[in-house]
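A short write-up of the structure that comes next.
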There are 2 protein chains.
Amino acid sequence: MPADQGVTIVYTDGSCHGNPGPGGWAWAVPNGPYASGAEARTTNQRMELTAVLRALEALPGALEVVSDSTYVVRCFQDRWWEGWRRRGWRNASGQPVANRDLWEPVLAAVIDAGRAVRFRWVKGHAEDPMNALVDALANRAASRQVGERGQVDRGALLAADRPVP
Amino acid sequence: MPADQGVTIVYTDGSCHGNPGPGGWAWAVPNGPYASGAEARTTNQRMELTAVLRALEALPGALEVVSDSTYVVRCFQDRWWEGWRRRGWRNASGQPVANRDLWEPVLAAVIDAGRAVRFRWVKGHAEDPMNALVDALANRAASRQVGERGQVDRGALLAADRPVP
RNA sequence: GGACACCGCGUGCA
DNA sequence: TGCACGCGGTGTCC
């Protein structure tokens with residue numbers, strides 16, 4: 001029996017037209033639920049982070065979060081958050097850590113809650129179909145400035161999905 | 001008397017079937033000379049640039065180069081070349097500047113020579129008949145893989161010229 | 001100095 | 001519809 005037993009895999013992504021500008025986020029579980037949302041003016045990093053936060057809030061149990069953002073993944077893999085807390089939320093350059101209002105609830109939900117959450121990085125715009133799916137969802141949310149919820153098709157992932165006109 | 005007195009206007013264009021693939025370039029002066037050439041395997045950008053370089057070599061005096069390539073025009077209008085030289089021929093992403101072997105002689109012939117050369121952008125596939133002419137010439141060169149030289153008809157610019165099958 | 005992402009633009013094609 | 005060729009910029013970290 002693999003150690004991954006019971007771990008939910010969730011893909012996350014964010015997009016932001018203009019950066020800063022109108023943005024969108026999305027998460028999706030293969031053959032499971034998905035959700036997306038939008039913000040009128042934000043940054044790419046905030047949308048990547050928001051996608052993770054919304055997934056943490058919506059999904060119970062052990063998680064594997066798959067993202068193409070090293071900003072998100074390396075915070076945990078390289079334990080950036082330890083340095084941030086030790087230095088009173090200053091980064092290595094002595095500047096205030098950006099997006100602290102999002103990082104704090106994320107760390108609370110992962111580190112402080114002692115929850116089993118693993119982060120995995122995948123290259124963007126590559127072969128991974130689930131990464132392509134959340135990319136399309138986040139992009140659509142950013143363009144339409146609305147959120148969606150639903151169930152990922154088990155067949156062709158994005159058959160009915162096309163770029164927004 | 002306009003300041004443009006004595007400025008030769010030259011239209012340039014490049015094409016490339018497949019990109020990368022067999023390509024062609026062309027330049028033409030309204031009611032003046034034209035030239036075209038071909039290459040067996042190249043890119044669209046290299047052909048656009050080559051068209052400019054050949055025009056600079058062939059035509060004396062002050063020039064107005066008209067191109068539908070922002071790649072070519074914005075290098076001068078936005079002074080990309082200054083950044084490239086400052087950064088040791090790295091682009092803004094830190095990668096080596098592409099087509100440096102063509103950019104260097106072009107910059108030498110324009111910037112370093114202190115020559116009066118202006119660049120103007122026109123939308124491709126629009127109403128401009130001279131842009132259509134050099135597009136047809138470059139396309140024909142790419143398809144036939146041969147060069148041509150001649151004189152632009154003063155009448156209907158492209159009466160005998162049609163897209164190559 | 002390094003890395004990833006997010007965009008914007010035009011051209012060239014299939 | 002989607003790909004390749006190329007550029008500039010911001011968001012963020014180490």
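Below, read A as the first sequence line, B as the second, and so on, with proteins coming before strands; counting in each chain starts at 1. Here the structure is a predicted model, which is why all the values come from computation and not from measurement.
Positionally, the nearest nucleotide of RNA chain C for B/G94 lies more toward the 5' end than for the other of B/S69 and B/G94. Mapping A/C16 and B/S15 onto RNA chain C via the closest heavy atom, the residue that lands nearer the 5' end is A/C16.
The stretch residues 108-117 of chain A participates, sequence neighbours left out, in these side chain to side chain donor-acceptor pair (under 3.5 Å) pairs: A/R85-A/D112. Applying the salt bridge (Lys or Arg N to Asp or Glu O under 4.0 Å) definition to pairs two or more places apart or across chains, those involving residues 37-50 of chain A are A/R46-A/D101.
Qualifying side chain to side chain donor-acceptor pair (under 3.5 Å) partners for B/R90, counting only residues two or more places apart in sequence or in other chains: none. Taking B/N91 as the reference, nothing meets the side chain to side chain donor-acceptor pair (under 3.5 Å) condition, with sequence neighbours excluded. With sequence neighbours left out, the side chain to side chain donor-acceptor pair (under 3.5 Å) criterion links A/Y71 to A/N99, A/W103. Judged as a salt bridge (Lys or Arg N to Asp or Glu O under 4.0 Å), and not counting sequence neighbours, the contacts of A/R79 are A/E82. Not counting sequence neighbours, the partners of A/W89 by the side chain to side chain donor-acceptor pair (under 3.5 Å) test are A/E104.
Nucleotide D/dC5 holds its C1' atom 14 Å from the CG atom of B/D68, rounded to whole Å. What separates CH2 of A/W89 from C1' of D/dC13 is a distance of 13 Å, to the nearest Å.
Here B/D78 lies out of heavy-atom contact (under 4.0 Å) with every strand. Nucleic acid contact for A/N131: none, since no nucleic acid atom lies under 4.0 Å from a heavy atom of the residue. Residue contacts shown for B/G14 are limited to sugar-phosphate atoms, with no base heavy atom under 4.0 Å away.
Axis orientation changes by 20° from one end of the helix from C/rG1-D/dC14 to C/rA14-D/dT1 to the other, with each end axis drawn from 5 pairs and the value rounded to 10°.
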Validation: residues 128-138 of chain A side-chain donor-acceptor distances under 3.5 Å, sequence neighbours left out:
unit_1, atom_1, unit_2, atom_2, d
A/D128, OD1, A/M130, N, 3.0
A/D128, OD1, A/N131, N, 3.2

Donor-acceptor pairs under 3.5 angstrom involving side-chain atoms of residues 9-28 of chain B: please list them, not counting sequence neighbours.
unit_1, atom_1, unit_2, atom_2, d
B/H17, NE2, B/N139, OD1, 3.2
B/N19, OD1, B/N44, N, 3.0
B/N19, ND2, B/N44, OD1, 3.3

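Side-chain contact check for B/W84 versus B/C75: some heavy-atom pair is nearer than 4.5 Å.
Contact footprint of chain B on RNA chain C: nucleotides with an atom under 4.0 Å from a non-hydrogen protein atom, first to last in 5' to 3' order, C/rG10 to C/rC13.
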- Task: For nucleotides 6-12 of chain D, just jot down a letter per nucleotide in 5' to 3' order: B, S or -, based on protein non-hydrogen atoms under 4.0 Å.
- Result: BSSSBBB
- Task: Go through the steps to decide whether A/V52 and A/F119 satisfy the test side-chain contact (heavy atoms from CB on, under 4.5 Å), and finish with yes or no.
- Result: CA-CA 10 Å; A/V52 172; A/F119 287 83; 3.9 Å; yes
